[in-house]
Number of protein chains: 2
Amino acid sequence: MEQIHDSGKRCLSILSSDENEELYSKSNSLNFEAGELIIKKGTPVNNIYFLKSGIVELSLNEAPHRQILNLLFDGEFIGINCVFSTAQYRFSARALTNCSIELLDKETFTKLLKANSTLSMAFIQYISWVNEGFLNWQMKLKEKNSAGALAFLISEFQKNFDSNSFEIPLTRQEMARIIGFSKESVLKNLADFRKEGLIDSNGKSITIIDASRLEEIAKYG
Amino acid sequence: MEQIHDSGKRCLSILSSDENEELYSKSNSLNFEAGELIIKKGTPVNNIYFLKSGIVELSLNEAPHRQILNLLFDGEFIGINCVFSTAQYRFSARALTNCSIELLDKETFTKLLKANSTLSMAFIQYISWVNEGFLNWQMKLKEKNSAGALAFLISEFQKNFDSNSFEIPLTRQEMARIIGFSKESVLKNLADFRKEGLIDSNGKSITIIDASRLEEIAKYG
DNA sequence: TTACGCAGGTGTAAAATTACACCCTCTGAT
DNA sequence: ATCAGAGGGTGTAATTTTACACCTGCGTAA
């Protein structure tokens with residue numbers, strides 16, 4: 001009951017082998033290349049997208065001033081709030097890196113949810129957890145200035161890479177749209193971070209040099 | 001399946017009379033006065049708060065620079081994301097007006113969720129819908145300037161009052177914390193709205209004079 | 001090869017927002 | 001009756017952020 005979710009994977013791991021077979025017999029594996037559109041806003045919700053690997057961006061509009069809602073990493077369901085609350089997806093999902101996705105059949109998954117109360121409870125826990133996390137992420141971004149928000153974004157990426165050197169698969173413009181500041185603010189803050197020896201960056205590659213000072217800026221200011 | 005929720009009330013209306021009796025035999029009715037703390041951050045999650053009447057504010061911290069997450073109106077569950085994903089509430093809830101709350105027993109509600117798949121599906125739909133709505137609200141606020149965000153907030157209140165004259169149970173400071181701008185920005189924009197004949201305001205009372213122009217500002221700028 | 005577009009990058013001016021200082025009024029406590 | 005505190009309100013200065021202008025390098029399509 002009080003179990004903490006680490007991702008949507010746990011929901012699928014609950015299924016018995018029979019249930020698993022039923023679900024997967026009607027599902028498809030899809031691969032998307034970096035930059036490809038996975039879900040277009042307005043698409044009817046007939047399937048459930050499970051992100052097996054890669055990074056996905058959710059945005060309210062496709063172009064040109066799209067506001068980026070959220071980033072999803074592997075093990076998550078994509079746009080799960082829309083699946084059971086609206087007939088159409090209310091945002092677009094785009095692959096930031098190459099992505100491997102399992103396209104589950106919504107009807108079959110719904111049938112399993114109704115039949116298996118362990119699954120439905122795990123699923124309730126999962127969507128509660130994922131939304132709580134999203135809410136926290138948004139609030140943390142909201143209370144920061146541009147430098148703090150950028151440092152926070154970089155720190156969040158570091159957590160998913162487990163190394164001080166990694167590639168952020170976002171343009172400066174996209175980073176700006178995630179943190180809610182202008183492209184120039186992102187560039188100027190990155191330049192400041194470099195000058196102050198907090199990071200080294202070259203295009204999309206980034207190396208964190210002084211993680212503790214970066215964390216400090218991410219916390220506020 | 002594709003049914004659109006109007007609030008959390010629908011979940012409770014699904015229960016059979018036996019189930020209803022079981023749930024309510026272990027629940028308590030509570031009344032809070034305007035300003036009272038309903039849930040303190042860190043409180044263990046043993047109950048489910050259902051808001052029968054009134055307006056509630058959720059915030060990350062109590063004092064002094066608390067960031068206000070969201071407003072809840074009657075018919076909603078309070079802090080429902082925390083109930084099934086964490087052991088403690090991760091924010092505080094405060095009554096903005098006098099509130100009437102039904103305090104449901106979490107164990108009993110969980111038992112009913114497991115036993116009644118119609119309820120569990122309705123509940124999944126409900127939390128999806130409420131989170132989707134919250135996400136939309138946040139995104140709309142995020143893309144606006146201070147005037148647009150304030151106009152948007154006022155318009156949202158109007159929807160819940162169904163009249164052009166109503167009371168907003170928030171101080172200017174609280175309005176500022178909801179829309180993410182300073183107290184002075186709120187005051188200056190209110191003064192501008194008055195000067196331009198969009199609204200009339202006196203303390204917490206507000207009368208909307210030119211609803212269409214206010215909506216226009218709320219949409220952007 | 002050229003030329004175009006895209007992304008990174010930077011300086012400066014303009015605009016928006018915040019911070020500060022201070023005013024008034026009301027209300028509740030001493 | 002008076003005093004303190006909270007909330008509404010406004011002007012001005014400081015700060016932050018955006019907008020604009022422009023430069024660079026790189027890849028790629030003609």
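It should be emphasised that the depicted structure is a prediction, and the values quoted were computed from it without experimental measurement. So that the names make sense, note that chain A is the first sequence line, chain B the second, and so on, each numbered from 1.
In this entry the distance linking CD1 of B/I168 with C1' of D/dG8 reads 14 Å, nearest Å. The CD atom of A/E143 sits 14 Å away from the P atom of C/dT18 (whole-angstrom rounding). Distance A/L150 CG to D/dT17 P: 12 Å, rounded to the nearest Å. Between B/F181 atom CZ and C/dA15 atom C1' the separation is 13 Å, expressed in whole Å. Between A/N145 atom CG and C/dT18 atom C1' there is a gap of 12 Å when expressed in whole angstrom units. Rounded to an integer number of Å, the gap from B/Q173 CD to D/dG9 P is 14 Å. Atom pair A/I217:CD1 and D/dT16:P shows a separation of 13 Å (rounding to whole Å applied). One interatomic measurement links the two molecules: NZ of B/K204 to P of C/dC26, which rounds to 15 Å at whole-angstrom precision.
Residue A/K188 places a side-chain atom within donor-acceptor reach of the base of C/dT12, judged by atom type and a 3.5 Å distance cut-off alone.
Remark: B/S146 is in phosphate contact with C/dT17, judged by side-chain N or O atoms under 4.0 Å from OP1 or OP2. Note on A/R194: a side-chain N or O is less than 4.0 Å away from OP1 or OP2 of C/dG9.
Checking D/dT18, C/dG8, C/dT17 against every side-chain atom of A/S182, the shortest atom distance belongs to D/dT18. When distances are taken from the side chain of A/E184 to each of D/dT10, D/dA19, C/dG9, the shortest belongs to D/dA19.
B/S165 contributes no side-chain N or O that, together with a main-chain N or O of B/T207, makes up a donor-acceptor pair within less than 3.5 Å. Remark: the backbone N or O of B/I55 is paired with a side-chain donor or acceptor of B/T97 at under 3.5 angstrom. Within the 3.5 Å criterion, the main-chain N or O of A/E33 finds no donor-acceptor partner in the side chain of A/N98.
A salt bridge links A/K159 with A/E156; the closest basic N to acidic carboxylate O contact falls under 4.0 Å.
Here A/S185 lies in heavy-atom contact (under 4.0 Å) with a base.
A side-chain N or O of B/R194 and one of B/S201 form a donor-acceptor pair less than 3.5 Å apart.
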